[in-house]
Protein chains: 2
Amino acid sequence: MAPNTADQIIDETIRNSGLRVTRQRRAIYRVLSDAEDHPDAPEVHKRAQASDLKVSLATTYRTLAELADKGVVTRLTLEGEPTRFETSDAPHHDHIIDLESGEVVEFLSPEIEELQRQVARQHGYEIVFHRLQLYCRKKT
Amino acid sequence: MAPNTADQIIDETIRNSGLRVTRQRRAIYRVLSDAEDHPDAPEVHKRAQASDLKVSLATTYRTLAELADKGVVTRLTLEGEPTRFETSDAPHHDHIIDLESGEVVEFLSPEIEELQRQVARQHGYEIVFHRLQLYCRKKT
DNA sequence: GAATATTTGAGAATCATTCTAAAGTAGCTT
DNA sequence: AAGCTACTTTAGAATGATTCTCAAATATTC
């Protein structure tokens, strides 16, 4: 078996972020890694339980916060709902939120990204991170 | 005295949004109207108390939510802090957040606005509202 | 001014999230 | 592989933000 199984990559990711590798952190990161959607903390917790190993809800919250602070996962804070999470391994993107279905679509606009930098610069700032969310309805 | 005092405009604004005009709603809207910054609900409550009339915290939350739902005030939901509010009477704008000082700067980029519409359209959506926040540090 | 539908207030309740202290474990060191 | 030590986890308590409950107060309608 080659040395780069998905599991090993997960372990490395955790270790590289400066945290010890534990059963629980592995489980939580794996849930996010496998997720097609953007689950919130209780949902991550539920999936971790369901799939393999037991993790407490407190650890789920703590670990997600740690990983987010390390930059390994990203917080998705939508209007009026609990914080959701996604891995940071995908290239940067922003979000379209379908107000009817709740569906979240990812998109990237290099033009917008560049304009954002310009705007920030004009105000004497440089961007550390940003949030761009388009709350939409299906076009008629 | 002309019929358009600030107070009368406030009353109209509330009435036009389909709500009855009450002492409390007036007070809350006035606080926001007078605010130079972007206060959260407890802060609005405090200022209402301080300035003139008594309003309960529950009513403050309820009224801000009502006015936001009616579109008369706008929620400003920043990363990791309680929801803040601003009146919707100012022209639309987005926000730069100074991560060090917490200062919030307003800006508007018609180019970005247009690109957002294009992106939405490309995905078959039309924008109902959006959030764009640039979390920044002062440029060195 | 009386009738009716809304609105308010105080505190309880809820929801999301963080904290606490005790018990468990990762990863060096030998 | 056993010991050591610092880092982690856990369950439940605690906190913080916000919403709910329903009786009392009040805005509009007649």
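Convention: sequence-line order gives letters A, B, ...; per-chain numbering from 1.
- Dense packing is recorded around CZ of A:R23, with more than 12 heavy atoms of other residues, nucleotides or ligands lying under 6.0 Å away.
- As a whole-Å value, the separation of A:E81 CD from D:dT19 C1' is 17 Å.
- Between the CG atom of B:L78 and the C1' atom of D:dA17 there is a distance of 15 Å, rounded to whole Å.
- The shortest side-chain heavy-atom distance between B:K54 and B:Q49 falls under the 4.5 Å cut-off.
- Side-chain contact between B:R84 and B:E43 is absent, with no heavy-atom pair separated by less than 4.5 Å.
- Both A:A58 and B:D40 lie close to DNA chain D; mapped to their nearest nucleotides by heavy-atom distance, the more 5′-ward contact belongs to A:A58.
- A donor-acceptor contact closer than 3.5 angstrom links the side chains of B:T74 and B:S88.
- B:L64 belongs to a hydrophobic cluster whose remaining members, ordered by chain and number, are B:I10, B:I14, B:L19, B:V21, B:I28, B:Y29, B:V31, B:L32, B:V44, B:V55, B:L67, B:V72, B:V73, B:F85; membership requires side-chain heavy atoms of ILVMFWY residues under 4.5 Å apart, directly or through intermediates.
- Note that the two end axes of the helix from C:dG1-D:dC30 to C:dT30-D:dA1 enclose an angle of 40°, each drawn from 5 base pairs, rounded to 10 degrees.
- The side-chain heavy atoms of B:E111 and A:E114, taken from C-beta on, include no pair separated by under 4.5 Å.
- Here the C1' atom of nucleotide D:dC7 and the CZ atom of A:R25 are 8 Å apart, to the nearest Å.
- Rounded to whole Å, atom C1' of D:dA17 lies 16 Å from atom NZ of B:K46.
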Margin query: Generate the contact string for nucleotides 22-30 of chain D. Rules: B means base contact, S means sugar-phosphate contact only, - means no protein heavy atom under 4.0 Å.
Written below: -----BS--

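- Side-chain contacts under 4.5 Å among hydrophobic residues (ILVMFWY), followed directly or transitively, place B:L57 together with B:Y61.
- Straight-line distance from the CD atom of B:E43 to the P atom of D:dA17: 13 Å, rounded to whole Å.
- Rounded to whole Å, atom C1' of D:dA11 lies 11 Å from atom NE2 of A:H45.
- Spacing between atom CG of A:L64 and atom P of D:dT9 amounts to 12 Å, rounded to whole angstrom units.
- Salt-bridge annotation for B:R62 and B:E66: absent, with no side-chain N of the basic residue lying under 4.0 Å from a carboxylate O of the acidic one.
- A search for side-chain hydrogen bond (donor to acceptor under 3.5 Å, both in side chains) contacts involving A:R75 returns A:D69, not counting sequence neighbours.
- Under the 4.5 Å side-chain criterion, counting only non-hydrogen atoms from C-beta, A:F129 is in contact with B:E79.
- Side-chain contact check for A:E100 versus A:K138: every heavy-atom pair is 4.5 Å or farther apart.
- Here the range on DNA chain C touched by chain A, meaning any atom under 4.0 Å from one of its heavy atoms, is C:dA16 to C:dG27.
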